[in-house]
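Report on one structure; see the data block that follows.
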Amino acid sequence: MAVWENLEPQPVFHFFEEICSMPHGSGNTAQISAYLQKFAADRELWFRTDELGNVVMRKPASPGYEQVPGLIIQGHMDMVAVKTADCDKNMALEGLDVAVDGDYVYARNTSLGGDDGIAVAYGLAMMDDDSIAHPELELIVTVDEETGMYGVAALDMSDIRGRRFLNIDSEEEGSFLAGCAGGKRVKADLDRTLRETAGYRMRVTVDGLQGGHSGAEIHKERGNGILLLGRVLAGIAGQTEIGLINILGGTAENVIPSSASAEIVSQDPDCVRQAAEAVFEELKQEYELRDPGLRVTTEIDASMGRETWDSAAQTGNSNVQTMDMTEQTGTSTAQTAEKTALKEKGVYLADSPQATAHLIRLLTALPTGVQAMSPGVPGMVETSLNLGMISSDESAITFQYSIRSSLESAKNALSDKVSAIFSLAGARVEAGSDYPGWAYRVHSPLRDKMVRVYESMYGQPPQVTTIHAGLECGLFLGKRPDLDCVSMGPDMLDIHSVNEKLSISSTKRVWEFLLELLKDKS
């Protein structure tokens, strides 16, 4: 039995649940692309695909709507696939475990992919129901939007007939978007030369952060797990020499990283623990209101003959020493640890203390978050950046940034700044995935029609605004400057995170609005 079969609008939740049953993280969209193609073929709709897996389908106008301007419905089929640390689901092979909580649907221990599966579900529900009055409909579903809008960048638009373009990739009901920021990605590789280093192998972790969308939620000043890990490592290195074995944090450039960890070699585990705890005491004061779940954890690898820590928890047996800030009190619950069996040190391949200190200085210098607010739109972010990912192998440490701005010049200037910092640190830098912003247009027949329909339904005007997040509209306009674009969507919370939720009642209201919009012959 389908989990959402009794939810309304049933056609929309039926297709959304089918989408959720398939793995469809960015770069892993072959199965959902095939599903969309079969959907169109089974209903004898005109459709086409391309080598990337983008899908375009068309449905003729209802009788009496042949002269009404056609409407393009657009969304992307990929999702940001993230999961909790203790979730054993293979999101590359498995679908989601969907559930209901009051007015919200969500996925257990993973992101939901309402961004942008709900757009695809709306589009399929329109294409599936012959009783809906509508002009000619074209549904465009692109791949790999979340990792750089690669699908739309390669999409052939030569046979697209419509000019009115409705992107359903927004997360606030009653808000019609008429512009968005442009974006750019910066990747840097810092070469490393590992050497054999004797000591205790330890893991230092920062986690428990909220994370979230690096455009829509960047103004909330949530903690960046990678840069906070840099602060913890800086505190440790200020007290004792350490060598870096590896470092890992974040899930995507456009997601604020909720966690990061580093494995290090140290001669003095006591000092590492105490220094990490001291930094945590500072961080908990800074982030008590913004990120109350923040944790800093130190572990010593006992499985390979390392020293372990025995805490008072679980009858006095634990190999993890944790520093935690609780939501209830905001106070430190750092456990008192005492040393147990001291075993022989190991020998590991790690960066030298000098190279490790160099990396820590780089992490300390790297910027993140809001860089400028819009002077013309109160409360709107103009320019920001997010260090979304860090990883390492034996040859290099890799950093990946997402940069956004509504001003092309500011976007490029910030990209140049980040590149300069990396270059001064001796890293190799590559900038790419550069997509344009979407400038507000005064004249928009589609927006005027949407506002009129909304006012007739609800007795009040919608909010017409722009957004700091990136949307595919800018790239579509680059291919077809005569498109009349608007973006909208139902209420969603905490997209790009394991806390993502989609409002059921809002999904229903937006569906009712879409039906009225299709029925209007103006």
Side-chain angles (χ1 to χ4, degrees), residues 4-5 7-19 36 39-48 55-75 116-141 159-170 173-177 444-462 464 473 476 482-490 504-522:
W4 295 341
E5 66 177 357
L7 300 183
E8 294 293 339
Q10 205 287 316
V12 176
F13 280 105
H14 164 75
F15 287 116
F16 189 26
E17 189 164 358
E18 289 208 342
I19 290 165
L36 294 172
F39 170 94
D42 288 348
R43 290 154 182 80
E44 298 183 344
L45 300 172
W46 177 90
F47 78 96
R48 67 170 169 85
V55 177
V56 180
M57 60 183 81
R58 183 181 299 132
K59 185 174 185 176
S62 301
Y65 283 78
E66 294 86 354
Q67 303 307 312
V68 179
L71 182 65
I72 301 167
I73 303 295
Q74 192 271 322
D116 197 22
I118 194 60
V120 183
Y122 279 133
L124 295 180
M126 293 177 197
M127 292 286 182
D128 188 53
D129 189 347
D130 292 334
S131 70
I132 297 173
H134 62 82
E136 181 177 81
L137 293 177
E138 290 172 295
L139 176 61
I140 302 177
V141 188
D159 57 2
I160 301 301
R161 302 202 295 217
R163 293 297 178 268
R164 295 185 177 185
F165 184 97
L166 181 57
N167 166 273
I168 306 179
D169 192 11
S170 303
E173 181 190 351
S175 179
F176 296 161
L177 300 184
S444 171
L446 175 59
R447 188 174 70 235
D448 293 343
K449 176 178 177 177
M450 291 173 63
V451 169
R452 185 175 63 255
V453 170
Y454 188 93
E455 287 181 332
S456 70
M457 292 180 68
Y458 301 111
Q460 60 184 16
V464 177
C473 298
F476 275 103
D482 58 344
L483 289 177
D484 180 8
C485 297
V486 181
S487 180
M488 61 168 291
I504 299 168
S505 59
S506 180
T507 300
K508 184 175 186 292
R509 288 189 298 269
V510 169
W511 175 243
E512 292 167 348
F513 170 81
L514 290 171
L515 294 181
E516 289 298 314
L517 183 68
L518 294 177
K519 188 169 67 174
D520 189 296
K521 289 188 175 182
S522 61

Worksheet item: Taking side chain as C-beta onward, heavy atoms only, is Pro9 less than 4.5 Å from Lys508?
Response: yes

Worksheet item: In Å and rounded to the nearest 0.5 Å, what is the CD1 to CG distance from Ile19 to Leu36?
Response: 7.0 Å

Worksheet item: Between atom CG of Leu483 and atom CZ of Arg164, what is the distance when rounded to the nearest 0.5 Å?
Response: 12.5 Å

Worksheet item: After noting the C-alpha distance and the side-chain angles of Phe47 and Leu139, does the key distance pass the side-chain contact (heavy atoms from CB on, under 4.5 Å) rule?
Response: CA-CA 9 Å; Phe47 78 96; Leu139 176 61; over 6 Å; no

Practice prompt. Check whether any side-chain heavy atom of Phe476 lies under 4.5 Å from a side-chain heavy atom of Ile72, and answer yes or no.
Written response: no

Worksheet item: Does any pair with a residue in residues 448-459 pass side-chain hydrogen bond (donor to acceptor under 3.5 Å, both in side chains), and if so which ones, sequence neighbours excluded?
Response: Arg452-Ser522

Worksheet item: Rounded to the nearest 0.5 Å, how far does CD of Glu5 lie from NE2 of His14?
Response: 11.0 Å

Worksheet entry | Closest non-hydrogen atom pair, Leu177 against Ser170 | CD1-OG, 3.0 Å

Practice prompt. With side-chain contact (heavy atoms from CB on, under 4.5 Å) as the test, would you mind laying out the steps for Leu166 and Leu517 before giving the verdict?
Written response: CA-CA 11 Å; Leu166 181 57; Leu517 183 68; 4.1 Å; yes

Fill in: Atom of Leu518, atom of Ile132 and distance for their closest heavy-atom approach
CD1-CG2, 3.9 Å

Worksheet item: Parallel under 30°, tilted from 30 to 60°, perpendicular over 60°: which one fits the rings of Phe16 and Trp4?
Response: tilted

Worksheet item: Going from CD on Glu138 to CD1 on Ile160, what distance comes out if it is rounded to the nearest 0.5 angstrom?
Response: 5.0 Å

Practice prompt. Check the pair Leu514 / Met488 against side-chain contact (heavy atoms from CB on, under 4.5 Å), numbers first and verdict last.
Written response: CA-CA 10 Å; Leu514 290 171; Met488 61 168 291; 4.2 Å; yes

Item to complete: Could you tell me whether Asp159 and Arg48 make a salt bridge, using a distance below 4.0 angstrom between a side-chain N and a carboxylate O?
Response: yes

Worksheet item: What heavy-atom pair brings Tyr65 and His134 nearest, and what distance separates the two atoms?
Response: CB-O, 3.2 Å

Worksheet entry | CG-OG distance between Leu137 and Ser62, expressed to the nearest 0.5 angstrom | 7.5 Å

Item to complete: Over all heavy atoms of both residues, which pair between Lys521 and Val68 is shortest? Give the atoms and the distance, please.
Response: O-CG2, 3.7 Å

Worksheet item: Does any N or O in the side chain of Lys59 come within less than 3.5 Å of the main-chain N or O of Met127, such that one atom is a donor and the other an acceptor?
Response: yes

Worksheet entry | Check: Val510 main-chain N/O paired with Glu512 side-chain donor or acceptor under 3.5 Å | no

Worksheet entry | Closest non-hydrogen atom pair, Ala119 against Gly75 | CB-CA, 4.0 Å

Item to complete: Test the Arg509-Phe513 pair against the cation-pi criterion, namely NZ or CZ under 6.0 angstrom from the six-membered ring centroid and within 45° of the ring axis.
Response: no

Discussion item. Within the structure provided, determine whether Asp129 and Pro11 are in side-chain contact (heavy-atom separation under 4.5 Å).
Written reply: no

Item to complete: For Asp520 and Glu516, run side-chain contact (heavy atoms from CB on, under 4.5 Å): C-alpha distance rounded to whole Å, both residues' side-chain angles, the deciding distance at 0.1 Å, then the answer.
Response: CA-CA 6 Å; Asp520 189 296; Glu516 289 298 314; over 6 Å; no

Fill in: Side chain proximity check, Val486 to Val464, heavy atoms < 4.5 angstrom
no

Discussion item. Can you give me the closest heavy-atom contact between Asn167 and Ser487, atom names plus distance?
Written reply: OD1-OG, 2.6 Å

Fill in: Beyond-backbone contact of Met57 with Arg43, side-chain heavy atoms, under 4.5 angstrom
no

Worksheet entry | Donor-acceptor pair between Ser444 and Asp484 side chains, under 3.5 angstrom | yes

Worksheet item: Roughly how far, to the nearest 0.5 Å, is CZ of Arg58 from CZ of Arg161?
Response: 4.0 Å

